[in-house]
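Here the structure comes first, spelled out in structure tokens, and everything after it is commentary.
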Amino acid sequence: MSAFTPYQSIAATRRLLRSKEISPVELLEGLEQHIAAIDPQIGSYVGRDFETAKKEAATADLSRPLGGIPIGIKDAISVAGQPLQSASKILEGYTAPYDATAVARLRAAGAIPFGRMNMDEFAMGSSTENSAYFPTRNPWALDRIPGGSSGGSAAAVASGTALATLGSDTGGSIRQPASLCGCVGLKPTYGRVSRYGLIAFASSLDQIGPLTSTVEDSGLLLNAMAGKDAHDSTSLELPDEDFTAEIGRDLKGLRIGIPKEYFVDGMEPGVRSSVDAAIKQLVSLGAEPVEISLPHTEYAVAVYYIIATAEASANLARFDGVRYGKRSPEAKDLLSLYEKTRAEGFGREVKRRIILGTYVLSSGYYDAYYLRAQKVRTLIRRDFDQAFTKVDAIVSPTSPETAFRFGEKTDDPLKMYLADIFTIATNLAGICGLSLPCGFSNRDGEELPVGLQLLGRPFGESRLLRIGHAYEQATKWHKQRPPVLG
Amino acid sequence: MSELSKFFNQMSTDSPHHTIDVPYLARLARLEVTPEEIEIFGPQIGRILDHVEQMNKLDITGIEPTAHAITVFDVIREDAVTESLPKKTILENAPHNANGLFVVPKVLD
């Protein structure tokens, strides 16, 4: 019998489970102990239910693709019978009555959803500082943010307290925290994974995806989750695909695009040098570099913060204190019930975005903001269409900087928004994106992880994972562990 | 100045060009705001709108808007009766319920 080993990949753990070197219950017990030892320093988890998980583990079917594998789930994704709050006070006391389709499919593949991961409230943020629970710390530097909004999901994988987690990505919320924490994060193509059971932020941009310690593992999770779902009319019917099928093939003949707009001066020097070195590595593995242009990149932040807030202001209208969650005890009539419940239940960033979204949709401003943004979105999407006629994937930094300190950007929302510059165009265009570790940058004397972003054409996940895996296997970055955790 | 640092320096601390009526918008959004929030949100959102302004540089004549990046049309499903969640399960999540119904403050006098 072997014990639980932190940072073991799903692929490796599966082998141990199948060869009976460890049982699913022992795996959970080991994980539980590791979380108890490590997570008080980090704060990745907002809840966990090992009692139910162990019952499920006792009867786990190890012949299934993810049989006995425990998975942490972002607090925005429904797990039947478990609390669900999207890290907001307004959903206090809410219990998810059903499984999100992504969770149901993980279960069908044998996985065990056992814990809920911290995040920015309603996925609005890039630092997990907007959580109503508590902040999550970056495992590499405890005075720094883990990124966001899926900060708990990333920090857990990076601190070995989860084999893998689910996050959601509306403008970079999987890839940016994966980058800042030094793990792998995959945003699938819009429509690849059902959004049913994900608390909606911006419905035309949201997508559920995995955070893992290896590229291959992200493919294993996507294999389980992908596919058409009658409950989400934007999910797409596509031929069955094994997203790990191309893994192991070399990069000869593949063209990787280097968008000049993503490599201008001004980014953190250590990020720049790590990504430059990563491109050289990809070329040495056989990929052919091609300079490309995505000319509308500079408009992405503007377009995003109109479309995302407009959609959010509509989506969050459902939180009215009537059907679920919290209700203000101060309410006297119906109007004050709405206004006071929402005032007490929503945090500051959420309120700011609701007001901005209401403004851009309001009479007299709709054409100037929302409609115009949708047209510029078309131009951004065309940039990528154009680029993908020339290249198989696009390579860039995931974030222009490494993890910043708590409070560094909380007073200036625009500063926080601009940090998403390299990730948000992906969601506007609906394409897929992968972030994986590609080095370290020295920021104020601390060595912090840098993420490499690979972008692929719609439904090109398999190709992305092939490139990511080849790079990962040729480098040592994914094997580095945060020193602070001993 | 480099392009990226120009980009980041768009957030100045100067007064924004855009002013918005926060209490009016908050009322539209059914959201009570405090005087402090009005004071903070006004300039912050104004500065975000200043940044957004750069979209006006682009000629968008004849460009179709994108509502969804991956377009799907006419998604239909079979018109079949399926089971829904039990009423009890739904009402358990309500802040106030009675007799199988959601309870709200009196709407009509």
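Protein chains get the first letters and strands the later ones, always in sequence-line order, with residue 1 at the start of each.
- Separating the CE atom in B:M55 from the CD1 atom in A:I306 is a distance of 3.5 Å, to the nearest 0.5 Å.
- With a threshold of 4.5 angstrom between heavy atoms, A:D320 does not approach chain B through any atom at all.
- For A:K228, the NZ atom counts as densely surrounded, since its 6.0 Å shell holds more than 12 non-hydrogen atoms of other residues, nucleotides or ligands.
- Residues A:I354 and B:A29 approach most closely at CG2-CB, 3.6 Å, considering heavy atoms.
- Remark: B:E39 CD is loosely packed, at most 12 non-hydrogen atoms of other residues, nucleotides or ligands lying under 6.0 Å away.
- Heavy atoms of A:L335 lying under 4.5 Å from chain B belong exclusively to its side chain.
- Contact count against chain A (heavy-atom pairs under 4.5 Å) is highest for B:R27 among B:R77, B:E78, B:K106, B:R27.
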Inset, instruction - Report the C-alpha distance between A:R352 and B:E37 in whole Å, list the side-chain angles of each, state the deciding distance to 0.1 Å, and finish with yes or no for salt bridge (charged side-chain N to carboxylate O under 4.0 Å, His left out). - result: CA-CA 9 Å; A:R352 188 158 40 228; B:E37 284 171 333; over 6 Å; no
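- Both the backbone and the side chain of A:S233 come within contact range of chain B, judged by heavy atoms closer than 4.5 Å.
- Annotation: the span from A:Y417 atom OH to B:H51 atom NE2 amounts to 11.5 Å, rounded to 0.5 Å.
- A:F459 has its side chain within reach of B:I70: a pair of non-hydrogen atoms, C-beta onward, lies under 4.5 Å apart.
- In terms of heavy atoms, B:P105 sits closest to A:K332 at CB-O, 3.8 Å.
- Considering only residues two or more places apart in sequence or on other chains, A:Y359 meets the ring pair (Phe, Tyr, Trp, His ring centres under 6.0 Å) condition with A:Y365, A:Y369.
- The candidate with the highest count of non-hydrogen atom pairs below 4.5 Å against chain A, out of B:A94, B:P65, B:A67, is B:P65.
- When every heavy atom of A:A343 is checked against every heavy atom of B:L31, the shortest pair comes out as N-CD1, 3.9 Å.
- Residue contact with chain A, scored on non-hydrogen atoms closer than 4.5 Å, involves the side chain of B:I40 exclusively.
- Using a 4.5 Å cut-off between heavy atoms, B:R30 touches chain A through backbone and side chain atoms alike.
- At a 4.5 Å heavy-atom cutoff, the contact between A:P458 and chain B is made by side-chain atoms alone.
- We find the CG-CG distance between B:L28 and A:L361 to be 10.5 Å, quoted to the nearest 0.5 Å.
- Neither the backbone nor the side chain of A:A317 comes within contact range of chain B; no heavy atom of the residue lies under 4.5 Å from a heavy atom of that chain.
- One finds the CG atom of A:L356 at 6.0 Å from the CG atom of B:L49 (value rounded to the nearest 0.5 Å).
- Neither the backbone nor the side chain of A:T341 comes within less than 4.5 Å of any heavy atom in chain B.
- Of the listed residues (A:L91, A:L337, A:T95), the greatest number of heavy-atom pairs within a distance under 4.5 Å of chain B belongs to A:T95.
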Please table the atom pairs, donor to acceptor, closer than 3.5 Å between any side-chain atom in residues 57-64 of chain B and protein atoms at least two apart or in another chain.
residue	atom	partner	partner atom	Å
B:D59	OD1	B:T61	N	3.0
B:D59	OD1	B:T61	OG1	2.4

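- Residue contact with chain A, scored on non-hydrogen atoms closer than 4.5 Å, is absent for B:D21.
- Interface residue B:V104: backbone and side-chain heavy atoms are both found under 4.5 Å from chain A.
- Atom CZ of B:F102 sits in a crowded spot, with more than 12 heavy atoms from other residues, nucleotides or ligands closer than 6.0 Å.
- Proximity to chain B is absent for every atom of A:L205, based on heavy atoms less than 4.5 angstrom apart.
- Most heavy-atom pairs under 4.5 Å with chain B: of the set A:Y98, A:Y338, A:Y94, A:Y305, this distinction falls to A:Y94.
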Legend entry - Test side chain to side chain contact (heavy atoms under 4.5 Å, CB included) applied to A:R353 and B:I48, step by step: CA-CA 11 Å; A:R353 294 200 196 190; B:I48 295 164; over 6 Å; no
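- Of all the listed residues (B:I90, B:V22, B:N56, B:L91), the one sharing the greatest number of non-hydrogen pairs under 4.5 Å with chain A is B:N56.
- The part of B:V33 that comes within reach of chain A is its side chain, from C-beta onward, which places non-hydrogen atoms under 4.5 angstrom from that chain.
- At a 4.5 Å heavy-atom cutoff, the contact between B:V52 and chain A is made by backbone and side-chain atoms alike.
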Legend entry - side chain to side chain contact (heavy atoms under 4.5 Å, CB included) assessment of A:E237 paired with B:V75: CA-CA 11 Å; A:E237 184 89 66; B:V75 178; over 6 Å; no
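- Per-residue heavy-atom pair counts under 4.5 Å with chain B were compared for A:R372, A:K340, A:R382, and the maximum is reached by A:R372.
- In terms of heavy atoms, B:A69 sits closest to A:R381 at O-NH1, 3.1 Å.
- Counting heavy atoms from C-beta outward, A:L414 and B:D50 have side chains that stay 4.5 Å or more apart.
- Interface remark: A:A373 contributes backbone and side-chain atoms alike to the contact with chain B (heavy atom separation under 4.5 Å).
- Atom-to-atom distance recorded for A:S328:OG and B:E32:CD is 8.0 Å, nearest 0.5 angstrom.
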